[in-house]
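This one's a predicted model, so the numbers in the text were calculated from it and none came from an experiment. In the text below, chain A, chain B and the rest are named by the order of the sequence lines, each starting its count at 1.
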Amino acid sequence: MRQSRYFIQTLREIPSEAEVVSHQLMLRASMIKKVAAGIYDYLPLGLKVIRKVENIIRENMNKAGAIELLMSVVQPAELWQSSGRWNHFGKELLRFKDRGNRDFCLGPTHEEVITDIVKSQVNSYKQMPVTLYQIQTKFRDEVRPRFGLMRGREFIMKDAYSFDIDDAGADVSYQKMYDAYKAIFTACGLAHKVVDADTGSIGGSFSHEFMVLADTGEDTIISCNKCEYSANVEKAVVVDSGEKENAALKDMEEVATPNKHTALEVAEFLGVDIIHVPKTMIIRCEGVVVDGREEDIYVACMVRGDHEVNLSKVKNVVKAKSAEFAEHYEVLDKTGCSIGSLGPCNMPLKVYVDNALKYLCNIVVGANKEGYHIKNVNLERDAKIEGYFDIRNAMPKDKCPHCNGEYQETKGIEVGHIFKLGTKYSESMGAKALDKNGKNIPIVMGCYGIGVGRTAASAIEQHYDEKGIVWPKAIAPFEVVVIPLNTNDDEVIAKSDEIYNGLLSLGVDVIIDDRNERAGVKFNDAELIGYPLRVSVGKKSLSEGRIEVVIRRTGEVIFLDLSNNLADKVKEILDTKVI
RNA sequence: CGGGGCGUAGCGCAGGGGUAGCGCGCCUGUCUUGGGAACAGGAUGUCGCAGGUUCAAAUCCUGUCGCCCCGACCA
């Protein structure tokens, strides 16, 4: 490729819309262009990176025995109604009507479509196991898209689905994807970690997330400092441990706490340790089965003043489809008291308490009366509670559930997520097959996703410097740039062309920056775009009988003496010294 | 959905009732050629959109749309 004829317009200044490094550099390097919030065009340079990521994924999926197909982007409402998700997926599902007033949506994921396909094509255990995948544009109408390709509304995703006749088979299929994912992110040159995760709106029995480690990541990873255990903070188990405080139980005492709302404010006002001032929060739990019917209920949850409630855990404890903090008006409506003075005593809602509170006595809680708290409360004595549960976020220093180590916290970007679905979709949608005994049973499923654009963006988050992107070789838009420094010098041009053509014939993905620009301009652009290897040919170095090769990542400079196999030598450096 | 900010040239920004500006980029020429050169000349705008006030609106008022950030998890 000749850069003078290619389509690259780099920017010197950072467009004001970009906040994070990957977004800034992708815009400056002319890789993407915004169309609307969370929707981007992939310019030629960006598309090259996307395609490389896709091909690495494809190669490893095929190697793992998965088979590629391509499903429709537009999906009819009926499919989503049959799984029950038409009503449960929420506003992220972009819905619309066709000219005949029929309901459709843009596919945010494809469990329904793939289950429908398999339902109509697979009848027997003999046709399984089978894992199908596609690489395709998805649309999710995110509440708040941000950070360029990191959280877009329209984005490219690889999604795969496995089908097995039994649980044991499904576990094997899951493990194959697990291994393939590790191979994929390793091949992309990304430092990553696999963590236990919550299944979220997809559902299923267990799941793992693949996290690229980067300080700018939106996800919090909890991991043990001694063993291999690591999990998303949403999922990380908190061990129930501690010793009951050994203090005499005092009598309850109502105290005025005017305008003190937060646990910290109340603790300071009363001169009490914040640990003894737990927070009581009202949570709306949707889709809870009560007397055989699904209902939305409200519950009160208590955690220690220095802890945070974990909604995923509450959702699981209450056995709800979703759990959200109640709005102010809901709290007032359900408890007769506003936020800031809530407590477990005489609470009209069911009260779920975090394990950590089991070990405290004489605590301070809201009086369910505006501006008042109650001192010296002891939950077993003074309140009616549902029991003690693990409903808080794990924190650094918490004990590991698997060894005697303790938790630590790191930030990560979720680039892949795999789920053991079980029979959730096959049962609701009636995807069954005959087993060896001739019995018709629901197929056991798994689903597996990779964010392609997010993978590319997180590669930048992990690999950049003050000059620009430092692409891992495997996903760089071009592996090598050849720069003739004096475009008016025939000898320089001839030598550059010779190396460029030589590399081309060796199968190297190479670009020659033949623009009539000064050296500084080309160097700066090369560094911004992040070509892993740069070959400079100048009048000066030719007169010294050599050319210069620079490795972007390390800055290492290698001089090659002039010979008729320079391309081979450059390729050798690329193969052996560039990662 | 709540709060804040911003919409003026491709990008970054200034201007703030009286004919639209600067830097970078872009075009032409001269010159230069190993780290974003210099000089000369030049092109580019429905000042987000719609109403209103005014002799006159990018500027003031009203509405609206778009974009960005923060929050929507700790009471």
Side-chain angles (χ1 to χ4, degrees), chain A residues 9-20 23-24 27-28 30 33-39 90-91 143-148 220 233-234 257 259-267 274 277-284 300-315 323-332 335 337-343 354 365-366 368 370-371 373 391-393 395 467-468 483-489 492-493 513 515-528 534-544 547-548 550 557:
Chain A
Q9 289 75 282
T10 57
L11 295 173
R12 279 201 209 187
E13 306 208 53
I14 302 169
S16 57
E17 70 188 56
E19 193 73 9
V20 296
H23 190 197
Q24 293 175 345
L27 288 170
R28 286 187 57 209
S30 189
K33 180 183 182 305
K34 186 173 73 197
V35 181
I39 302 176
K91 289 186 179 170
V143 200
R144 183 137 104 86
R146 55 183 149 176
F147 305 152
T220 302
V233 71
E234 291 176 358
T257 49
N259 299 318
K260 304 298 175 195
H261 295 296
T262 67
L264 188 60
E265 284 168 1
V266 172
I274 190 164
V277 187
K279 302 181 274 202
T280 305
M281 280 148 291
I282 308 304
I283 292 164
R284 175 177 7 95
C301 289
M302 296 182 70
V303 297
R304 234 167 61 179
D306 59 329
H307 287 159
E308 294 180 358
V309 165
N310 180 313
L311 289 175
S312 306
K313 291 182 180 178
V314 172
K315 183 191 78 181
E324 296 292 336
F325 285 94
E327 301 291 336
H328 289 231
Y329 69 88
E330 294 173 291
V331 173
L332 200 56
T335 68
C337 177
S338 64
I339 285 166
S341 304
L342 295 169
D354 184 66
V365 301
N368 291 327
E370 189 71 36
H373 279 72
I391 54 170
R392 72 167 172 96
N393 279 344
M395 305 214 301
K467 291 173 172 171
I483 303 184
L485 295 167
N486 320 91
T487 44
N488 56 354
D489 185 296
V492 168
I493 293 294
D513 191 351
R515 294 175 299 165
N516 183 21
E517 292 286 352
R518 297 167 67 88
V521 173
K522 298 193 197 184
F523 287 153
N524 282 306
D525 275 347
E527 279 152 351
L528 172 62
R534 182 179 95 201
V535 179
S536 307
V537 181
K539 226 182 335 192
K540 194 174 107 195
S541 60
L542 284 186
S543 72
E544 292 163 352
I547 60 161
E548 179 195 89
V550 181
V557 181

For atom [atom1], what is the distance between [N] and [M], given to the nearest Å?
N     : M     : atom1 : result
B:C27 : B:G10 : P     : 15 Å
B:G42 : B:G25 : C1'   : 14 Å
B:G16 : B:C61 : P     : 15 Å
B:U59 : B:U8  : P     : 14 Å
B:C60 : B:G18 : P     : 11 Å
B:U53 : B:A58 : P     : 15 Å
B:A37 : B:C69 : P     : 33 Å
B:C49 : B:C31 : C1'   : 47 Å

Check side chain to side chain contact (heavy atoms under 4.5 Å, CB included) between [X] and all other residues, then give those that pass, not counting sequence neighbours.
X        : value
A:Glu265 : A:Lys260, A:His261, A:Thr262
A:Lys279 : A:Ala263, A:Met281, A:Val303
A:Val550 : A:Arg534, A:Glu548, A:Val557
A:Ala519 : A:Leu485, A:Phe523

Whole-Å distance separating the [atom1] atom of [X] from the [atom2] atom of [N]:
X        : N     : atom1 : atom2 : result
A:Glu265 : B:C74 : CD    : C1'   : 12 Å
A:Glu324 : B:C74 : CD    : P     : 13 Å
A:Glu19  : B:C70 : CD    : C1'   : 10 Å
A:Leu311 : B:A72 : CG    : C1'   : 11 Å
A:Ile283 : B:C74 : CD1   : C1'   : 9 Å
A:Leu27  : B:C68 : CG    : C1'   : 13 Å
A:Glu13  : B:A14 : CD    : P     : 12 Å
A:Phe325 : B:C1  : CZ    : C1'   : 17 Å

> Start at the 5' end of RNA chain B and walk down; is the nucleotide closest to A:Ala326 or to A:Lys34 reached first?
Replying inline: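 With A:Ala326 and A:Lys34 compared, the 5'-side residue is A:Lys34.
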> Of A:Pro145 and A:Lys91, whose closest RNA chain B nucleotide lies nearer the 5' terminus?
Replying inline: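 First, find each residue's nearest nucleotide; the 5'-ward one identifies A:Lys91.
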> How would nucleotides 32-48 of chain B be written as a contact map, 5' to 3', with B for base contact, S for sugar-phosphate-only contact and - for no contact, using protein heavy atoms under 4.0 Å?
Replying inline: BBBBBB-----------
>> Mind checking if A:Ala18 touches a base, just sugar-phosphate, or nothing, with heavy atoms under 4.0 Å?
In response: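 Nothing, no heavy atom under 4.0 Å.
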>> Using a 4.0 Å heavy-atom cut-off, does A:Ile483 contact any base of the nucleic acid, only the sugar-phosphate backbone, or nothing at all?
In response: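 Answer is nothing: A:Ile483 stays at 4.0 Å or more from every strand.
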Contacts table for residues 307-314 of chain A: side-chain donor-acceptor under 3.5 angstrom, sequence neighbours left out:
residue, atom, partner, partner atom, Å
A:His307, ND1, A:Arg392, NE, 3.3
A:His307, NE2, A:Arg304, NH2, 3.4
A:Glu308, OE1, A:Asn393, ND2, 3.1
A:Asn310, OD1, A:Ser312, N, 2.9
A:Asn310, OD1, A:Lys313, N, 3.0
A:Asn310, ND2, A:Val233, O, 3.2
A:Asn310, ND2, A:Glu234, O, 3.1
A:Asn310, ND2, A:Asn393, OD1, 2.8
A:Lys313, NZ, A:Ala236, O, 2.7
A:Lys313, NZ, A:Asp390, OD1, 3.1
A:Lys313, NZ, A:Asp390, OD2, 3.3
A:Lys313, NZ, A:Arg392, O, 2.8

Please check this pair: side chain of [X] against backbone of [Y], looking for a donor-acceptor N/O pair closer than 3.5 Å.
X        : Y        : answer
A:Lys522 : A:Pro484 : yes
A:Arg28  : A:Thr10  : no
A:Ser341 : A:Asn368 : no

Where the side chain of [X] is defined as all heavy atoms beyond and including C-beta, which of [options] is the nearest nucleotide?
X        : options             : result
A:Glu308 : B:C74, B:G23, B:C70 : B:C74
A:Asn393 : B:G12, B:C74, B:A72 : B:C74
A:Ala37  : B:C74, B:C67, B:G12 : B:C67

> Can you name the closest pair of heavy atoms from A:Val492 and A:Asp489 and give their distance?
Replying inline: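 That closest heavy-atom pairing would be N-OD1, 3.0 Å.
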> Sequence neighbours excluded, which residues qualify as salt bridge (charged side-chain N to carboxylate O under 4.0 Å, His left out) partners of A:Lys34?
Replying inline: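 If we apply the salt bridge (charged side-chain N to carboxylate O under 4.0 Å, His left out) test to A:Lys34, skipping adjacent residues, the hits are A:Glu17.
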>> A:Glu330: which residues meet the salt bridge (charged side-chain N to carboxylate O under 4.0 Å, His left out) condition with it, sequence neighbours left out?
In response: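 Partners of A:Glu330 by the salt bridge (charged side-chain N to carboxylate O under 4.0 Å, His left out) criterion, ordered by chain and then number, come out as A:Arg284.
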> Counting a pair only when it is Watson-Crick or G-U and both distances are under 3.5 Å, which runs of at least 3 such pairs involve RNA chain B?
Replying inline: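 Listed by first number, the stems are B:1-7 with B:65-71, B:10-13 with B:21-24, B:26-30 with B:38-42, B:48-52 with B:60-64.
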> Does the side chain of A:Arg146 get closer than 4.0 angstrom to OP1 or OP2 of B:C67 through an N or O atom?
Replying inline: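 No, outside the criterion.
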